[in-house]
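The structure under discussion appears below in the form of structure tokens.
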2 protein chains.
Amino acid sequence: MSNTKVLPLLEPAPGEAAAPCCPPVTERPFTAEEAETAARMFKALGDPVRLRLFSAVASHEGGEACVCDISDVGVSQPTVSHHLKKLKEAGLLTSERRGTWVYYRVEPTVLAAMGQLLIKAGPTAA
Amino acid sequence: MSNTKVLPLLEPAPGEAAAPCCPPVTERPFTAEEAETAARMFKALGDPVRLRLFSAVASHEGGEACVCDISDVGVSQPTVSHHLKKLKEAGLLTSERRGTWVYYRVEPTVLAAMGQLLIKAGPTAA
DNA sequence: TGTCTATGTTGACGCTTGTCGATACAGGTG
DNA sequence: CACCTGTATCGACAAGCGTCAACATAGACA
């Protein structure tokens, strides 16, 4: 709301695995600060409509999709826009306007970072 | 509330990697049903207090912890109980009473399942 | 039995969130 | 310029959620 507050989650060394905000959940109890940060990401994926939108973008060709390509999720256009904004504010998506259309793209390091938060390590995704 | 409705997420073939509810988000757009199921898990981790509790259990010796070991998260005891219930309902934790204390344990396949939902594949965790 | 500790449940409160219709803005086309 | 399409914002509403104090329940122990 206030503004587009993107989370300071990741400092992705290029070509390197993502550096998540927090250690794996199994390593040690999260501090309040870590939990605040990580929970914001999980929360963003905690709505079915948002998860569908996110998955639609993530699975789209080139990891990016026009809003018009993914907005068929059973809610009104303003609601789609609202959810995409939330995903953007959570640092999961970025957007770029190209002519008439707006394209959303998955923040590439985010998937690996969140994944590594749950399991010890893993490939940089596909 | 109604009852302890555990999600029918996983059919873990013993000794085998977890079978998540859904394909990786990058594979194809989630259906409404898949999104509903997966979002319930993410939502459960989308609260800072719950995430701290979950991490506290997950990182505790043996993957299980007494409530008394983890309830120092800055909220009242009923609130802790409430959040643990939510995590249980989401299928992320199980609980067992042993004498005076109640022990919570991480549903072992869940971490791998959620992780593989974000990245293509990974180790069975540590 | 009674009492103490540990945990769960209930009921209420305020805040947040998901949703929509109406409207505004951006960019293309004629 | 006017008009149309795609997307974002606004304002309002209902529902959900996190929180607490008060109370209830379960087990240990004397």
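Below, read A as the first sequence line, B as the second, and so on, with proteins coming before strands; counting in each chain starts at 1. The structure displayed is predicted, hence computed values, not measured ones.
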Just verifying a value: how many Å separate [X] [atom1] and [Y] [atom2], rounded to the nearest 0.5 Å?
| X | Y | atom1 | atom2 | answer |
| --- | --- | --- | --- | --- |
| A:Ile70 | A:His83 | CD1 | NE2 | 12.0 Å |
| B:Arg40 | B:Glu89 | CZ | CD | 10.5 Å |
| A:Leu92 | A:Leu53 | CG | CG | 12.0 Å |
| A:Phe54 | A:Leu45 | CZ | CG | 5.5 Å |
| B:Phe42 | A:Met114 | CZ | CE | 5.5 Å |
| A:Thr109 | A:Gln116 | OG1 | CD | 10.0 Å |

- Item | With A:Glu64 via salt bridge (charged side-chain N to carboxylate O under 4.0 Å, His left out) - residues at least two apart | A:Arg98, A:Arg105

- Message: Once salt bridge (charged side-chain N to carboxylate O under 4.0 Å, His left out) is applied, do any residues pair with A:Arg97, and if so which ones, sequence neighbours excluded?
- Response: none

In whole Å, what is the span from the [atom1] atom of [X] to the [atom2] atom of [N]?
| X | N | atom1 | atom2 | value |
| --- | --- | --- | --- | --- |
| B:Leu87 | D:dG18 | CG | P | 10 Å |
| A:Tyr103 | D:dA8 | OH | C1' | 17 Å |
| B:Glu96 | D:dG27 | CD | P | 12 Å |
| A:Phe42 | C:dT17 | CZ | P | 18 Å |
| A:Glu36 | D:dG18 | CD | C1' | 13 Å |
| A:Leu84 | D:dT9 | CG | C1' | 14 Å |
| A:His83 | D:dA8 | NE2 | P | 13 Å |

- Message: What residues from residues 69-78 of chain A pass a heavy-atom cutoff of under 4.0 Å to DNA chain C?
- Response: A:Val75, A:Ser76, A:Pro78

So which protein nitrogen or oxygen atoms get under 3.5 Å of nucleotides 27-29 of chain C's nitrogens or oxygens?
none

With a 4.0 Å cutoff (strictly under), does any side-chain N or O of [X] reach OP1 or OP2 of [N]?
| X | N | result |
| --- | --- | --- |
| B:Lys85 | C:dG8 | no |
| A:Ser81 | D:dA8 | yes |
| A:Tyr104 | D:dA8 | yes |

- Item | Lys/Arg N to Asp/Glu carboxylate O, B:Glu36 vs A:Arg52, below 4.0 Å | no

- Message: I'd like to know if B:Val106 and B:Val102 are part of one continuous hydrophobic network [Ile/Leu/Val/Met/Phe/Trp/Tyr, side-chain heavy atoms within less than 4.5 Å].
- Response: yes

What N/O pairs connect the protein and nucleotides 15-17 of chain D at under 3.5 Å? Give each pair on its own line.
unit_1, atom_1, unit_2, atom_2, d
D:dC17, OP1, B:Lys43, NZ, 2.9

- Please list residues of residues 51-68 of chain A whose heavy atoms come under 4.0 Å from any atom in DNA chain D, ordered by number; otherwise none. A:Cys66, A:Val67, A:Cys68

- Query: What do you reckon, is CD of B:Glu33 surrounded by more than 12 foreign heavy atoms closer than 6.0 Å?
  - Reply: no

- State whether the side chain of B:Ser55 and the backbone N or O of A:Val25 hold a donor-acceptor pair below 3.5 Å, judged by distance alone. yes

- Message: Over all strands shown, is A:Val80 touching base, sugar-phosphate only, or nothing at heavy-atom distances under 4.0 angstrom?
- Response: nothing

- Message: Starting the side chain at C-beta, find the nucleotide from C:dT19, C:dT9, D:dA8 nearest to A:Val102.
- Response: D:dA8

- Item | Heavy-atom closest contact (B:Pro23 atom, B:Leu117 atom, distance) | O-CG, 4.2 Å

- Task: Would you kindly say whether B:Ser95 and B:Lys88 are connected by a side-chain donor-acceptor distance under 3.5 Å?
- Result: yes

